[in-house]
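In what follows, a structure is listed as structure tokens, so that the remarks can point back to it.
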Amino acid sequence: MAEKEIKEVKQAPKKVKSDKPSLFSRLAAFFKSCKAEMKKIVWSSWTTVRSNTLMVLVSIIVISAAIGIVDLLFSQGIVILSILVK
């Protein structure tokens, strides 16, 4: 009698099919919505993109030069201070 009860407990419950759509249908819906959103984008003109890119590059060059000069001044200042301390 105890063996029958153990066998009944060991049986796995039946899986219930969910109402959720399949993975492939969800992926298809995702890519369809992505395509629809991409159509709504207003892209900048080539001249605007080129001028903004040029502005960014010039800003990077100017800022890196300024940081380089400040770094050079500080390193030379430390060298001069180390010479004075000796």
Side-chain angles (χ1 to χ4, degrees):
M1 192 175 209
E3 293 175 8
K4 287 183 181 179
E5 290 177 12
I6 293 173
K7 287 181 181 178
E8 289 177 10
V9 173
K10 287 185 178 180
Q11 292 177 351
K14 293 181 181 179
K15 292 185 178 179
V16 178
K17 189 173 183 180
S18 66
D19 295 333
K20 196 158 90 170
S22 70
L23 175 67
F24 295 110
S25 62
R26 288 184 285 162
L27 281 173
F30 172 75
F31 285 116
K32 283 180 185 177
S33 67
C34 285
K35 185 177 178 182
E37 290 296 323
M38 290 296 283
K39 288 181 180 179
K40 295 178 186 178
I41 296 174
V42 178
W43 297 99
S44 299
S45 66
W46 172 245
T47 55
T48 305
V49 172
R50 190 176 58 211
S51 67
N52 288 343
T53 304
L54 183 64
M55 218 180 326
V56 167
L57 291 175
V58 168
S59 300
I60 290 171
I61 291 169
V62 168
I63 290 171
S64 62
I67 291 174
I69 290 170
V70 170
D71 182 48
L72 179 68
L73 292 174
F74 279 128
S75 64
Q76 292 299 319
I78 290 174
V79 169
I80 291 171
L81 283 175
S82 66
I83 292 172
L84 292 175
V85 171
K86 287 183 182 181

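Only heavy atoms go into these numbers, but all of them, side chains included; no hydrogens, no water, no symmetry mates. It should be emphasised that the depicted structure is a prediction, and the values quoted were computed from it without experimental measurement.
Rounded to the nearest 0.5 angstrom, Asn52 CG and Thr47 OG1 are separated by 9.5 Å. Expressed to the nearest 0.5 Å, how far NZ of Lys86 lies from CG of Leu84 amounts to 11.5 Å. Atoms CG and CD1, on Leu72 and Ile69 in that order, are 8.0 Å from each other to the nearest 0.5 Å. Taken from CG in Leu57 to OG1 in Thr53, the straight-line distance is 6.5 Å, to the nearest 0.5 Å.
The minimum heavy-atom distance between Ser25 and Ser22, with the atom names listed, is OG-O, 2.9 Å.
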